[in-house]
Undergrad: 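Here's a structure for you.
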Protein chains: 2
Amino acid sequence: MGRPERHATIADVAALAGVSVGTASKALNGRGSLREETRTRVREAARQLSFQANAGARSLHSGRTYTVGMITTDTIGRFSIPVLMGAEDALGAGEMSIFLCDGRDDPIREQYYVKTLLSRRVDGIIVTGRRTEARMSIGRDLPVPVVYAFISSSDPQDCSVVPDEESGARKAVEHLLAVGRTRIAHVTGPEHHNSARVRAAAALDRLAGEGLDLVAPPLFGGWSEAWGRQAVGILLAGRTEFDAVFCGSDQIARGVSDALRAAGRRVPQDVALVGFDNWDVMTEGAQPPLTSVDMDLEGLGRSAAERLLAAINGTASPGRHPHPCRLVVRGSTIVPPA
Amino acid sequence: MGRPERHATIADVAALAGVSVGTASKALNGRGSLREETRTRVREAARQLSFQANAGARSLHSGRTYTVGMITTDTIGRFSIPVLMGAEDALGAGEMSIFLCDGRDDPIREQYYVKTLLSRRVDGIIVTGRRTEARMSIGRDLPVPVVYAFISSSDPQDCSVVPDEESGARKAVEHLLAVGRTRIAHVTGPEHHNSARVRAAAALDRLAGEGLDLVAPPLFGGWSEAWGRQAVGILLAGRTEFDAVFCGSDQIARGVSDALRAAGRRVPQDVALVGFDNWDVMTEGAQPPLTSVDMDLEGLGRSAAERLLAAINGTASPGRHPHPCRLVVRGSTIVPPA
DNA sequence: CTGAAAGCGCTAACAC
DNA sequence: GTGTTAGCGCTTTCAG
């Protein structure tokens, strides 16, 4: 037994079926008009030889490879995975395969990958990354369409599908207001991160619309649990009371949750908590489970892939396309029914 | 401007350089003997046209696509990513690209992907998954070599690179013994998971070698923090004292850590804690940071890829190949210097 | 040193 | 209905 030495070609199939390669091709692709008997004979031969048409040879004709490249600008991680999965889903349905390339934050490596992908004649490219910041275009005048997913391109002519963080932050605030909280604090990531700034601004803006303000200026720090714990210390040291904390990430929220409990404040009775990312490990690990903003990264990836497919078929959609967030309510904002 | 309509072909380059395609090919690939002047003229033409040789057409000759498929049997996740990254790393160095396919635990989907990959004439296939269990071979007598990474194939003829969980568990126990603990408990995942059984058995075995035993039979449960917390309740309710807990995962360890602290036991002074997976989110989120067993998944992925490359070049390595784990020591087992 | 020609595996006109 | 032929983009003999 062992492995067959080589792949069967259509010539092998034709020979076995006793027809010409042209006829075999037609039979296998359901083209032309053939006797049904011939068709089945060819198909049987193909089956017998485990024939799989050589996609490369095929695309030499069609000009299409039914293949797209996916470049992550930085290391593949928690955010890129769902995006990738969503894209895979949408593309898989169109029978397309994905080349995965990990840019590792290295522009050289990235350009090398772009070249590789072009030489492999991908039909299009999806670029994604770990942050929502805008980044340089991977190249203008590439011979194939490009869509940025999660991350966005600084070139407004490029097509970027990004999470609508503003609306996500607004939804978080609205929910806290809806459950009767008005003295809200905001603990989030580093100020030099676009996401942190945008979410804070949106939260402030939404409160202002209600004639309210945060109980203290946004606390910018890191995205970690440690920072969440530390921030609680800062909040408690200040004299202003608060009945809710909107956190820039679930990790922060978890840190906040743990520190509040350690300080004797009950969640959600004394302080309601909303996180961001809806990362199950954090939302479920926290006690009580965290209410959180979900960026629907999988949906975002799917949407990006669909736009890419559209662009491949001639209908590009340049510009920035925000993808809606949704709020997932859990025990950190709602007191469970007794 | 906008996108160039089509990719430049070698004929375009040849025309621009005023040579035949044959000459252009030689010039670009450094074959044959050409005047240096010609070579540079062709190269210049290629540069001007952003020429990238069509990999598909090329492989029609070479029979190789410099492409491998990577199939995840279940959804891509925390364990498959590092494996994937390692493989990507090793393969990228060999100028190979990766087709990523997400099997989603669906055998139909999986078989479909195998077919797709074969039609794309990948040079080889890597199969990975979320669990270390053995799984059915994706197919015997495939025309290309296959390597299983992390997950293993139930067919001993297949090449599988798996984490050496036994030795990992032994290292954990040895470390606890080295820091003077002898009354060790073990809290781990569900008994029907291979990993849970194997690690527990290895821990017991290593202790037996020292004439010791666990303070209680292994506590099988889930992989979650919640189970870790719950298990502490069980341990404390029992009358046997313990000075260390070896946990089957970092999530469990974190739950154990939190619950111990809540119960007034100090980590590591009263109870030392070792986790498994070395998952930064958990090891760093816990207080103190967790000592943990690292399966070196990236190295494992790299190793798997290297074996695949070797197999592609004719040197297969059938069988099961354990990849060593290493212990990462942190504050949960070592009292920091005052 | 360079060009012409054959062929990789497949599809699509066009004959027969 | 089926076979023949040309050609997709490239590499590789083999002549010149």
Undergrad: Should the pair B:Arg131 and B:Phe79 be classed as cation-pi, given the thresholds of under 6.0 Å to the six-membered ring centre and 45° from the axis?
TA: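 Here B:Arg131 fails the 6.0 Å and 45° test against B:Phe79.
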Undergrad: For A:Arg31 and for B:Arg41, locate the closest nucleotide of DNA chain C by heavy-atom distance; then report the residue assigned to the nucleotide nearer the 5' terminus.
TA: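 Its nearest nucleotide being more 5', the pick is B:Arg41.
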Undergrad: Partners of A:Glu165 by salt bridge (Lys or Arg N to Asp or Glu O under 4.0 Å), sequence neighbours excluded?
TA: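 Partners of A:Glu165 under the salt bridge (Lys or Arg N to Asp or Glu O under 4.0 Å) test: A:Arg199.
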Undergrad: Answer yes or no: is there an ion pair linking B:Arg302 with B:Glu306, defined by an N-O contact shorter than 4.0 Å?
TA: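 No.
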Undergrad: Measure the spacing between OG of A:Ser59 and CZ of A:Arg121 and express it to the nearest 0.5 Å.
TA: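 Output value for this atom pair is 10.0 Å.
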Undergrad: Any side-chain heavy-atom pair from A:Glu110 and A:Met136 closer than 4.5 angstrom?
TA: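 SC-SC contact between A:Glu110 and A:Met136 ruled out.
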Undergrad: Going by number, which of residues 9-26 of chain A have a non-hydrogen atom under 4.0 Å from DNA chain C?
TA: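 DNA chain C contact set from residues 9-26 of chain A: A:Thr9, A:Ile10, A:Gly22, A:Ser25, A:Lys26.
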Undergrad: Measure CG/A:Leu49 against P/C:dC10 and give the value in whole Å, please.
TA: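 Distance check: A:Leu49 CG to C:dC10 P gives 12 Å.
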Undergrad: Between B:Thr73 and B:Ile151, is there a side-chain heavy-atom distance shorter than 4.5 Å?
TA: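 In short, these two side chains touch, coming nearer than 4.5 Å.
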Undergrad: Does some side-chain heavy atom of A:Arg39 sit less than 4.5 Å from a side-chain heavy atom of A:Arg35?
TA: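 A side-chain contact under 4.5 Å is absent here.
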Undergrad: Is the distance from OP1 or OP2 of C:dG9 to the nearest side-chain N or O of A:Arg58 less than 4.0 Å?
TA: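 No, outside the criterion.
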Undergrad: Rounded to whole angstrom units, what separation is found between the CZ atom of A:Arg121 and the C1' atom of D:dG9?
TA: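 Answer to the nearest Å: 9 Å.
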Undergrad: Would you say the side chain of A:Val162 lies within less than 4.5 Å of the side chain of A:Thr132, judging by non-hydrogen atoms?
TA: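 No. Closest side-chain heavy atoms not under 4.5 Å.
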Undergrad: Please state how far atom CZ in A:Phe51 lies from atom C1' in C:dT11, giving the value in whole angstrom units.
TA: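 The distance from CZ of A:Phe51 to C1' of C:dT11 comes to 11 Å, rounded to the nearest Å.
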Undergrad: For the pair made of CD in A:Gln52 and P in C:dC10, what is the distance, rounded to whole Å?
TA: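 Rounded to whole Å, this separation is 11 Å.
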Undergrad: Do any of residues 32-40 of chain B sit with a heavy atom less than 4.0 Å from DNA chain C, and if so which?
TA: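 The stretch gives B:Ser33, B:Leu34, B:Arg35, B:Thr38 as the residues lying under 4.0 Å from the strand, ordered by number.
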Undergrad: Do the side chains of B:Ile81 and B:Ile76 get nearer than 4.5 Å, heavy atoms only?
TA: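 In contact.
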Undergrad: Can you see if the side chain of A:Asn54 gets near the phosphate of C:dC8 - specifically, an N or O under 4.0 Å from OP1 or OP2?
TA: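 Indeed not, no polar side-chain atom of A:Asn54 lies that close.
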Undergrad: Could you state the atom-to-atom distance from NE2 of A:His61 to C1' of C:dG9 in whole Å?
TA: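 Interatomic distance, NE2 of A:His61 to C1' of C:dG9: 9 Å.
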Undergrad: Between atom NE2 in B:His7 and atom C1' in D:dC10, what is the gap in whole Å?
TA: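 Rounded to whole Å, this separation is 15 Å.
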Undergrad: Rounded to whole angstroms, how far apart are CG on A:Leu60 and C1' on D:dC10?
TA: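 Result: 8 Å.
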